[in-house]
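Contents: one structure, followed by commentary.
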2 protein chains.
Amino acid sequence: MSDTTQMLKGILDGCLLAIIKEGEIYGYELAAKLESYGFRSLSEGTIYPLLLRMQKEGLISATLRKSTAGPKRKYYTLTEKGEQELVMFIGRWEQVSSSVDNVLNKRGI
Amino acid sequence: MSDTTQMLKGILDGCLLAIIKEGEIYGYELAAKLESYGFRSLSEGTIYPLLLRMQKEGLISATLRKSTAGPKRKYYTLTEKGEQELVMFIGRWEQVSSSVDNVLNKRGI
DNA sequence: TTAAATACCTTGCAATACAAGATATACTTT
DNA sequence: AAAGTATATCTTGTATTGCAAGGTATTTAA
């Protein structure tokens, strides 16, 4: 109850969409990218199931490519549906985050 | 997958703490207050179990008082532990929300 | 007395982050 | 060759939590 686990629910998927939109990227690299944006180190048990789920929902699509330093990488790109979902995510985020900021700054109505 | 349900996880408790800190308040009023801050209408099935949980954890304490227009009201106040938890919540929120904003504004590193 | 607004609670479900453990490839070191 | 290390992905099971649905009780107004 004292970490950010619960707080990440419902925002990680949107953040992944936003990063993938910037350019084709694979899971292992994504985890590092999230850290560079300020997220604490995220478990692979979080990233991979999430990517698979989003692919199954048709938000992203994947292609396998050989790597020079390990097993094949699974590169993801946004689908049309994924772009739409990203737009809706941003709307949700702005509504919720501004509400929280209102509460913390004590500016009701 | 297109509402803010998941996004509220891990932030509602902190928001309740912040509002209760402003002054003694009861559950039914709290729901209205949250709306005035920008949250969409929250179910009583969300508010009451959450208040009971926080009371059980010792973050808030309650006293019953008669009402002029209905059954007794349960007024909540912050405990010392609740104040500490609020401070920690604010820290978590600032870390996470700034990370999300970084991702959405594409400002890595 | 019937209705409506107020006020609180309980049960069960669904969604999701994550720990733990497994598998496989390429390169480097011994 | 063999072993180790970094890279890269996946699966299973668990804990937490928002919320719908349904229930109870009190006060005032119609």
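All values below were derived from every heavy atom in this structure, side-chain atoms included, with hydrogens, water molecules and symmetry-related copies excluded.
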Q | Comparing B:Lys72 and A:Leu42 on DNA chain C - which has the more 5′ nearest nucleotide | A | B:Lys72
Q | First of A:Ser67 and A:Lys9 reached from the 5' end of DNA chain C, by closest nucleotide | A | A:Lys9
Q.
For A:Pro49 and B:Pro49, find the nucleotide of DNA chain D closest to each by heavy atoms; which residue's nucleotide sits nearer the 5' end?
A. A:Pro49
**Q.** Given DNA chain D, 5'-ward residue of the pair A:Gly45 and A:Arg73, judged by closest heavy atom
**A.** A:Arg73
Under 4.0 angstrom between [X] side-chain N/O and [N] OP1 or OP2:
X: B:Arg53; N: D:dA15; result: no
X: B:Lys66; N: D:dT26; result: no
X: B:Tyr28; N: C:dC8; result: no
X: B:Ser43; N: D:dC19; result: no
X: A:Arg65; N: C:dT25; result: no
X: A:Tyr48; N: D:dT9; result: yes

Measure the distance from [atom1] on [X] to [atom2] on [N] and round it to the nearest whole Å.
X: B:Gln55; N: C:dC9; atom1: CD; atom2: C1'; value: 13 Å
X: B:Ile25; N: C:dT6; atom1: CD1; atom2: P; value: 15 Å
X: B:Gln6; N: D:dT17; atom1: CD; atom2: P; value: 12 Å
X: B:Glu44; N: D:dG23; atom1: CD; atom2: P; value: 15 Å
X: A:Lys56; N: C:dT16; atom1: NZ; atom2: C1'; value: 14 Å
X: A:Leu64; N: D:dC10; atom1: CG; atom2: P; value: 8 Å
X: A:Asp3; N: C:dT16; atom1: CG; atom2: C1'; value: 14 Å
X: A:Leu50; N: D:dC10; atom1: CG; atom2: C1'; value: 14 Å

Q: Nearest 0.5 Å please: distance from the CZ atom of A:Phe89 over to the SG atom of A:Cys15.
A: 4.5 Å
**Q.** OG1-CD1 distance between B:Thr79 and B:Ile20, expressed to the nearest 0.5 angstrom
**A.** 10.0 Å
Q. If you take all heavy atoms of A:Gln55 and A:Ala62, which pair is closest and at what distance?
A. NE2-CB, 3.7 Å
Q. With sugar-phosphate meaning primed atoms plus P, OP1 and OP2, does B:Leu12 contact a base, only sugar-phosphate, or nothing at under 4.0 Å between heavy atoms?
A. sugar-phosphate
(Q) Mind checking if A:Thr5 touches a base, just sugar-phosphate, or nothing, with heavy atoms under 4.0 Å? (A) sugar-phosphate
Q: May I ask you to test the B:Phe39-A:Asn102 pair for a side-chain heavy-atom distance under 4.5 Å?
A: no
Q | B:Asp13 and A:Gln6, any side-chain heavy atoms less than 4.5 Å apart | A | no
